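Let me begin by presenting the structure, written as structure tokens, before commenting on it.
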Amino acid sequence: MSDEKIKEEKSLNFLEEIIDEDIRCGKYKTIVTRFPPEPNGYLHLGHASSICLNFGLTKKYPGYTNLRFDDTNPEKEETEYVDSIKEDVRWLGFEWKHEHYASDYFDTLYEFAVKLINKELAYVDDSSSEDMAAGKGTPAEPGTNSPYRERTVAENLDLFTRMKNGEFPDGSRTLRAKIDMANSNMLMRDPVLYRIKHAHHHRTGDKWCIYPMYDMAHGQSDSIEEVTHSICTMEFVAHRELYDWLIEKLGIYPSRQYEFARRNINYTVTSKRKLLQLVTEKHVDGWDDPRMPTISGLRRRGYTAESIREFCERIGVAKRDNMVDVGLLEFCVREHLNRIALRRMVVFNPLKVVITNYPGEGEMLVSENNPEDPAAGTREIPFSNELFIESDDFMENPPKKYFRLAPGQMVRLKSAYIIRCEEVVKDAGGKVTEVRCTYVAESRSGNDTSGIQVKGTLHWVSARTAISAEIREYDRLFRTENPADEEGDFKEYINPASLNTITTAVAEPELAKAKFEERYQFLRKGYFCLDKDTSPSRLIFNRTVTLKDGWAKETKKKS
RNA sequence: UGACCUAUGGUGUAAUGGUAACACAACUGAUUUUGGUUCAGUCAUUUAUGGUUCGAAUCCAUAUAGGUCAACCA
């Protein structure tokens, strides 16, 4: 009941308000939205936002969402991208009603163009792109009419047909809308509608050598599909006038365009051009490098679809410029992973601990898989007199409030015993190579009768049964909040320490059974998942995100 | 020297003329066999100046700041 109340009270974003009103006043009974990527790159966090928005709207209101590929520029588009986009949208948890391609409408779009010519609203222009640019004027000064603007309908029809038939070379002619060269909106100054490109298209092959421009394809595709709410980012605001003009002049279904501000996220870049550069210039390991803000990169990194959806939900939608803190994304994934991740113990940088008074061969101890979820059950962990702990968890001369192991100090080994450090063994160089401890036999987890209270609990791995693993620790890809905005090349701001590979790690034997679809929390270390580079002889884990580290914060403050 | 868009805490969003709300971050403290989790608390007179009004974050005017637009890209 209270949930319902909260749901009802949650305020609507501006798009939901528009739709709410459209439905209330009877303008629409059901709505249609669409996610319209150009298949020229992999989907990233920015797209996730748009996907969640478009699909979210038709989850909330009656209607459906289409997936449409805006494939009107054959030179940049590839089937590989189409496939990855479909995979990513599905992985995010959404299913589209219809799968469309702007290229499916090339015939119809061509007819639309002919219609405009017949209505004297479009003409073939022989100007070079330089002359055309010069004729556009500037935002402050009107442009001048093209010398080809007054061609007759017959002449335009003939020329446009011949453009289609391949009689002219690339760039020699265009079809332009005849609107107003003095319009304060530059886009209304006789925009180009069609251009000649003798290029192979990933779907239509060599059938066409003229291709529609964005403005001649996008709104018309929306209209053909009877999209009611065509949602795009703010940089298209100026296009709306042309979008509406074309729909009106063509007399076709009146789709409406609405704009929202693109979500920017700090310490990363989300322009396809820049992401492509990172890949082709090998600054990263491919589109799915775990440091990339791509959906495939986040997936490989261990992010869950649920956490990405939650992130998009939390940042909301509005029309002002913004810079979202990547910390919120990290919060969302921690929140989810804390609920579902299986706890395991892995020591990254081992230091040997010998329990001098521990009798016998060893024993099996029991530990919970997830303290947040009793249903996750327990597992057995072997214990013996020779263990590894984290090198960072021992200090010979500890600072104040250091709750870990130090000479004479006691700690608990997680799910095992309390130990006390009795002796430090060093090599010739003075480096600590071994710590010798005694254990408190009555302090075993579950039936501790020792009465001893300790401040610190450490993760550990028994030496004899330990398995080795490689750990890949990822950090943010850039050193600055807004690399795209900095002086010079954005690549100068790449974080040189964005990947730290650890080859010395030892893990509890349970991890030999690690699965790709499983998520793990390595106790006191962070959240991890198995990487696709894992082989039968080598376990490789990616760090999705660290745990919050209060001690690190504390020590940083002091230094 | 134009047109258009935007302006609420460090960040992202609410408040639809009537008590500035939520989340993240940060900071206190408590709990804790993960320095995690959890819990309790602290953290803004809404870009500025006028105006309308009993009452303005909200409406109006002006200013200021940021952004977008002059691809045969999308």
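Here the structure is a predicted model, which means the values were calculated and not measured. Residue numbers begin at 1 in each chain, while the letters A, B, ... track the order of the sequences.
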*Could you work out the separation of B:C43 and B:U11 based on their C1' atoms and round it to a whole Å?*
14 Å
*On a whole-Å scale, what distance lies between the C1' atoms belonging to B:U32 and B:U45?*
40 Å
Just so I know, are the side chains of [X] and [Y] near enough to count as touching, which here means a heavy-atom distance under 4.5 Å?
X: A:D373; Y: A:R339; result: no
X: A:F388; Y: A:H459; result: no
X: A:T546; Y: A:R334; result: yes
X: A:P398; Y: A:R404; result: no
X: A:R343; Y: A:S367; result: no
X: A:P191; Y: A:M213; result: no

At their closest point, which heavy atom of [X] faces which heavy atom of [Y], and how far apart are they?
X: A:V346; Y: A:A507; value: CG2-CB, 3.8 Å
X: A:A102; Y: A:D70; value: CB-OD1, 3.9 Å
X: A:D448; Y: A:S443; value: OD1-CA, 3.4 Å

Closest listed nucleotide, where the reference is the side chain of [X] and the choices are [options]:
X: A:A133; options: B:A74, B:A71, B:C73; answer: B:A71
X: A:V324; options: B:U37, B:G12, B:U13; answer: B:G12
X: A:M213; options: B:G35, B:A74, B:U11; answer: B:A74
X: A:K136; options: B:A70, B:A14, B:G2; answer: B:A70
X: A:F403; options: B:U11, B:G35, B:C72; answer: B:G35

*Any side-chain N or O of A:R412 less than 4.0 Å from the OP1 or OP2 oxygen of B:G35?*
no
*Quick one: is A:R263 getting a side-chain N or O under 4.0 Å of the B:U13 phosphate, OP1 or OP2?*
yes
*Ring-ring centroid check A:Y520 A:F528, cutoff 6.0 Å*: no
Kindly compute the distance separating [atom1] ([X]) from [atom2] ([Y]), expressed to the nearest 0.5 Å.
X: A:I19; Y: A:L12; atom1: CD1; atom2: CG; value: 10.0 Å
X: A:H100; Y: A:I224; atom1: NE2; atom2: CD1; value: 9.5 Å
X: A:E16; Y: A:S11; atom1: CD; atom2: OG; value: 8.5 Å

*For A:F383, enumerate each residue passing the ring-ring contact (aromatic ring centres under 6.0 Å, His included) test, keeping only those at least two apart in sequence or located in another chain.*
A:Y358, A:Y417, A:W460
*RNA chain B stem ranges, 3 or more consecutive Watson-Crick or G-U pairs under 3.5 angstrom*: B:2-7 with B:64-69, B:10-13 with B:21-24, B:26-30 with B:38-42, B:47-51 with B:59-63
Sugar-phosphate, base or nothing in reach of [X], heavy atoms under 4.0 Å:
X: A:G550; answer: sugar-phosphate
X: A:P37; answer: nothing
X: A:R343; answer: base
X: A:S367; answer: nothing
X: A:H239; answer: base

Quick test: give all pairs of protein nitrogen or oxygen and nucleotides 26-28 of chain B nitrogen or oxygen below 3.5 Å, distance rounded to 0.1 Å.
| from | atom 1 | to | atom 2 | distance (Å) |
| --- | --- | --- | --- | --- |
| B:A26 | OP1 | A:K553 | NZ | 3.0 |
| B:U28 | OP1 | A:K557 | NZ | 3.2 |

*Given A:Y527 and A:R519, is the side chain to side chain contact (heavy atoms under 4.5 Å, CB included) satisfied, shown in steps?*
CA-CA 7 Å; A:Y527 294 100; A:R519 294 291 181 279; over 6 Å; no
*List in chain and number order the residues that pass side-chain hydrogen bond (donor to acceptor under 3.5 Å, both in side chains) with A:E487, two or more places apart in sequence or in another chain; answer none if no residue qualifies.*
none
_Restricting to side-chain hydrogen bond (donor to acceptor under 3.5 Å, both in side chains), what partner residues turn up for A:D475, sequence neighbours left out?_
none
So which of [range] are in contact with RNA chain B, with a heavy-atom cut-off of under 4.0 Å?
range: residues 44-54 of chain A; value: none
range: residues 372-383 of chain A; value: A:E372
range: residues 70-77 of chain A; value: A:D70, A:T72, A:N73, A:K76

*asked:* Between A:K319 and A:V454, which residue's closest nucleotide on RNA chain B lies nearer the 5′ terminus?
replied: A:K319
_Both A:Y214 and A:N13 contact RNA chain B. Which one's nearest nucleotide lies toward the 5' end?_
A:N13
*Is any N or O donor-acceptor pair between the side chain of A:Q521 and the base of B:U34 shorter than 3.5 Å?*
yes
*asked:* Using only modelled atom types and a 3.5 angstrom limit, is any donor from either the side chain of A:R524 or the base of B:G35 paired with an acceptor on the other?
replied: no
Are any protein N/O atoms closer than 3.5 Å to N/O atoms in nucleotides 39-41 of chain B? If there are, list each pair with its distance.
none

*List the steps and the verdict of ring-ring contact (aromatic ring centres under 6.0 Å, His included) for A:F236 and A:Y243.*
CA-CA 10 Å; A:F236 291 96; A:Y243 184 105; over 10 Å; no
Could you list all N or O pairs between the protein and nucleotides 65-69 of chain B that sit under 3.5 Å apart?
| from | atom 1 | to | atom 2 | distance (Å) |
| --- | --- | --- | --- | --- |
| B:G67 | O4' | A:D321 | OD2 | 3.3 |

Name the pairs: protein N/O against N/O of nucleotides 17-23 of chain B, kept only if under 3.5 Å.
| from | atom 1 | to | atom 2 | distance (Å) |
| --- | --- | --- | --- | --- |
| B:A23 | O2' | A:R314 | NH1 | 2.4 |

*asked:* I'd like to check, for A:W551, whether its ring lies over the base of B:G35 with centroids under 5.5 Å apart and a plane angle smaller than 30°.
replied: yes
Cut-off 3.5 Å, no hydrogens considered: what does the side-chain donor-acceptor table look like for residues 132-139 of chain A, sequence neighbours left out?
| from | atom 1 | to | atom 2 | distance (Å) |
| --- | --- | --- | --- | --- |
| A:K136 | NZ | A:R189 | O | 3.4 |
| A:T138 | OG1 | A:A140 | N | 3.3 |
| A:T138 | OG1 | A:E141 | N | 3.1 |

*Would A:H202 and A:E78 satisfy side chain to side chain contact (heavy atoms under 4.5 Å, CB included), going step by step from the backbone distance to the final call?*
CA-CA 6 Å; A:H202 73 111; A:E78 292 171 31; 5.8 Å; no
*Among A:Y194, A:F106, A:Y105, the one residue meeting ring-ring contact (aromatic ring centres under 6.0 Å, His included) with A:Y211*: A:F106
